[in-house]
There are 2 protein chains.
Amino acid sequence: MKIKSEIPECIKKCGVEYAFKRIGGKYKGRILWHLSLKTVLRYGELSRTLPDITTKMLTQTLRELEDDKLIIRKMYHEVPPKVEYSLSDTGLELIPFINYLHNWGQKQLENELLPNEH
Amino acid sequence: MKIKSEIPECIKKCGVEYAFKRIGGKYKGRILWHLSLKTVLRYGELSRTLPDITTKMLTQTLRELEDDKLIIRKMYHEVPPKVEYSLSDTGLELIPFINYLHNWGQKQLENELLPNEH
DNA sequence: CAGGATCCAAGTGGATACTG
DNA sequence: CAGTATCCACTTGGATCCTG
């Protein structure tokens, strides 16, 4: 139980920082968002859904999300290979929040488009 | 009205990406969080609340939040100077989400501390 | 199909010193 | 008190080519 001596300080930094490390970055939010819409997506589907992401970044981001237990990677040992990604239970807990953020973001974008109120 | 031709593509990238650009980064979440707890904070108070942030980053982050209209900067022209920061209406809209994220993050941290369930 | 490897550019954050 | 300014290290992300 020696771990207990090092973590409390992390907690004082508050969950907000922790959470942002988990879902921050350029693509994590969007990947979680699309997984929440489609339930299950293959690697190639994700790649087509987010055309601006390179294979390197897509792979790297998916690995991080998997290591953080936010998504589940299911490999089918077939030829050609097939890999499916879906949200874990922990990842699912983030969806209400991602939805909220999405709506907020859309609203801001629309306000930027129609700056007629000031 | 020529703007209308360039933004739709931004929207298709979905609000999630936009929102993460606005509140991503190493300190924005925590600053918003603390402003939501205290309503109003001076520069020095923020600095003491987040001891790990340098003045450069604190100033820079506050400027970005202000430019994005998420916080309000109120200067008092006194000697010594006094500056107060608070959430804007738009920034306030993010608080439910920041709270949600905070709770989620705390829970994750506690689970990491007590991995007795698997 | 689903990546892995490598190299490089840009961005982000830190240390330190100084100021109205 | 509330910042600026400068220089530097590290991290993140992109381009390109290759593979089981």
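Proteins come first, then strands; the chains are lettered A, B, ... in the order of their sequence lines, and each starts at number 1. FYI, side chains are in, hydrogens and waters are out, and symmetry mates aren't considered; it's all heavy atoms of this structure. Since the structure is predicted, the reported quantities are computational estimates derived from the model, not experimental observations.
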_Side-chain N or O of Arg73(A) versus OP1/OP2 of dG3(C): is the shortest distance under 4.0 Å?_
yes
*Distance (rounded to the nearest 0.5 Å) between Glu84(A) CD and Ile71(A) CD1*: 12.5 Å
*asked:* Whole angstroms only, please: what is the CZ-P distance between Arg48(A) and dA2(C)?
replied: 8 Å
*Indicate if Tyr18(B) and Tyr100(A) have the same hydrophobic cluster label, given that clusters are the connected sets of ILVMFWY residues with side-chain heavy-atom separations under 4.5 angstrom.*
yes
*Tell me whether Trp33(A) is reachable from Leu58(A) by hopping between hydrophobic residues (I, L, V, M, F, W, Y) whose side-chain heavy atoms are closer than 4.5 Å.*
yes
_Please enumerate all residues that pass salt bridge (Lys or Arg N to Asp or Glu O under 4.0 Å) together with Arg42(B), with sequence neighbours excluded._
none
*May I ask you to decide whether Lys107(B) forms a salt bridge with Glu93(A), counting only side-chain N to carboxylate O separations under 4.0 Å?*
yes
*dC1(C) phosphate, OP1 or OP2: any side-chain N/O from Arg42(A) under 4.0 angstrom?*
no
_Please report the distance, rounded to the nearest Å, between NZ in Lys82(A) and C1' in dG3(C)._
17 Å
_Leu37(A) side chain near Leu35(A) side chain, heavy-atom distance below 4.5 Å_ = no
_Base-contact (B) and sugar-phosphate-only (S) positions in nucleotides 6-20 of chain C, heavy-atom cut-off under 4.0 Å, - elsewhere_ = BB-----BBB----B
*Leu58(B) CG to dA2(D) C1': how many Å, rounded?*
10 Å
*Whole-Å distance between dG20(D) C1' and Tyr43(A) OH?*
15 Å
*Relative to the ring of Tyr85(B), is the ring of Tyr43(B) parallel (under 30°), tilted (30 to 60°) or perpendicular (over 60°)?*
tilted
*What's the OH-C1' distance between Tyr85(A) and dA2(C), to the nearest Å?*
8 Å
*Rounded interatomic separation in angstrom, taking CG from Leu62(A) and C1' from dG13(D)*: 15 Å
*How close or far is atom P of dG14(D) from atom CG of Leu50(A), stated in whole angstroms?*
12 Å
*Using only side-chain N and O atoms of Arg63(B), determine if any of them is under 4.0 Å from OP1 or OP2 of dT4(D).*
yes
*May I have the distance from Glu66(B) (atom CD) to dA2(D) (atom C1'), rounded to whole angstrom?*
14 Å
*Of all the nucleotides listed (dG3(C), dG3(D), dA2(D)), which has the minimum atom distance to the side chain of Thr59(B)?*
dG3(D)
